[in-house]
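This report concerns only the one structure given below.
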Amino acid sequence: MGRDKATMPFPGPVSDGLRRAGTEGPTTMVEYMVSVLDQRCQPVFVVAAPGQPLPPLHAEVVRDEVRGLGPLLATGRGLRAAAEAGAKRAFVCAVDMPFLTVDLIDTLVERAAEVDADVVLPWDGRDHYLAAVYRTDLAERIAALVAAGERKMRALVDSIDAQRIVLPASRSLANVNSAADLRSLLQA
């Protein structure tokens, strides 16, 4: 993207969670995402790069040890933090999903409880690794994969019991890779 997605200004409507928190005016993508997650997930963890500046958040910030190793390592850090907080499962998502809904989270959590798989992820023609419910005890498997040089989420999902939920193409699964992507999605 050429810039930090987490602190990219979020030009969309302020969520109910941000209104309850007393936030007014411009917000960032990470603030918006935390406000959505906070409606269903407790506690909320944000995995950030070492030294990455973040605004004050209603979430616990967990830092990666090394910058730029990708989402697999970050997912492992977040799952470990959730396990230490007593969670058996955690909803994992990217910071660049401006239309994430609590309905999507609810659907995935309900299915995870029904099937007891290692991961429950949406599929709409492609896997959405960063909008899924994972067992927190996968942190050890992820650590082993990363130690072996793996960086792709597919390596994890292909090696565990994964349940895919077929969903129609949905704005709630859209992610952005540029400020123009975000503006385009918000105008649609």
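FYI, side chains are in, hydrogens and waters are out, and symmetry mates aren't considered; it's all heavy atoms of this structure. Throughout, numbering of the chain's residues begins at 1 and tracks the sequence. This is a predicted model, so every value here is computed, not measured.
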### Task
Just do the side chain to side chain contact (heavy atoms under 4.5 Å, CB included) check on Arg151 and Leu72 with the steps written out, would you?
CA-CA 6 Å; Arg151 300 292 179 258; Leu72 184 61; 5.7 Å; no
### Message
side chain to side chain contact (heavy atoms under 4.5 Å, CB included), that's the test. Do Met153 and Leu130 meet it? Break it down for me.
### Response
CA-CA 9 Å; Met153 294 294 291; Leu130 297 179; 4.2 Å; yes
### Task
Apply the side chain to side chain contact (heavy atoms under 4.5 Å, CB included) test between Tyr129 and each candidate in Leu121, Val119, Leu156; give the one that qualifies.
Leu121
### Task
List the steps and the verdict of side chain to side chain contact (heavy atoms under 4.5 Å, CB included) for Arg89 and Asp118.
CA-CA 9 Å; Arg89 289 187 177 87; Asp118 293 326; over 6 Å; no
### Query
Is there a path from Val47 to Val133 through hydrophobic residues (I, L, V, M, F, W, Y) whose side chains come within less than 4.5 Å of each other?
no
#### Entry: Nearest heavy atoms of Leu79 and Ala90, plus distance in Å
CD2-CB, 3.9 Å
### Query
Going only through I, L, V, M, F, W and Y residues with side-chain contacts under 4.5 Å, is there a path from Leu167 to Val109?
yes
### Query
Is it the case that one hydrophobic cluster holds both Ile105 and Val115, taking links as side-chain heavy atoms less than 4.5 Å apart, direct or via other members?
yes
### Query
How close do Ala48 and Val61 get, heavy atom to heavy atom, and via which atoms?
CB-CG1, 4.2 Å
### Worked verdict on Ser172 versus Leu104 for side chain to side chain contact (heavy atoms under 4.5 Å, CB included)
CA-CA 7 Å; Ser172 64; Leu104 176 64; 4.0 Å; yes
### Message
For a 4.5 angstrom cut-off between non-hydrogen side-chain atoms, does Arg164 reach Val157?
### Response
yes
### Task
First locate atom OH of Tyr32, then atom CG of Asp96, and finally report the distance between them rounded to the nearest 0.5 Å.
13.0 Å
### Minimum heavy-atom distance Ser159-Arg141, with the two atoms named
O-NH1, 3.2 Å
### Task
Kindly give the heavy-atom pair with the smallest separation between Ala132 and Leu108, and that separation in Å.
CA-CD1, 4.3 Å
### Task
Could you tell me the separation between the CG atom of Leu57 and the OG1 atom of Thr28, rounded to the nearest 0.5 Å?
6.5 Å
### Message
Please determine whether residues Val34 and Val62 belong to a single hydrophobic cluster, defined as Ile, Leu, Val, Met, Phe, Trp and Tyr linked transitively by side-chain heavy-atom distances below 4.5 Å.
### Response
no
### Query
In the single-linkage hydrophobic clustering (I, L, V, M, F, W, Y; side-chain heavy atoms under 4.5 Å), do Tyr134 and Ile142 co-cluster?
yes
### His128 side, atom NE2; Arg126 side, atom CZ - distance, nearest 0.5 Å
4.0 Å
### Distance-minimising heavy-atom pair for Ala131 and Phe91
C-CE1, 3.7 Å
### Query
Side chains of Glu60 and Pro43: does their closest heavy-atom pair fall under 4.5 Å?
no
### Query
Any Lys/Arg nitrogen of Asp137 or Lys88 sitting under 4.0 Å from an Asp/Glu carboxylate oxygen of the other?
no
#### Entry: Any donor-acceptor N/O pair, Glu114 side chain to Arg111 backbone, under 3.5 Å
no
### Message
Just verifying a value: how many Å separate Asn175 CG and Leu100 CG, rounded to the nearest 0.5 Å?
### Response
11.5 Å
## Note on the structure
Between Ala143 and Arg80 the two heavy atoms that sit nearest each other are CB-NH2, 4.0 Å
#### Entry: Between CG on residue Leu37 and CE on residue Met97, distance to nearest 0.5 Å
9.5 Å
### Query
Roughly how far apart are Met8 CE and Thr27 OG1, rounded to 0.5 Å?
11.5 Å
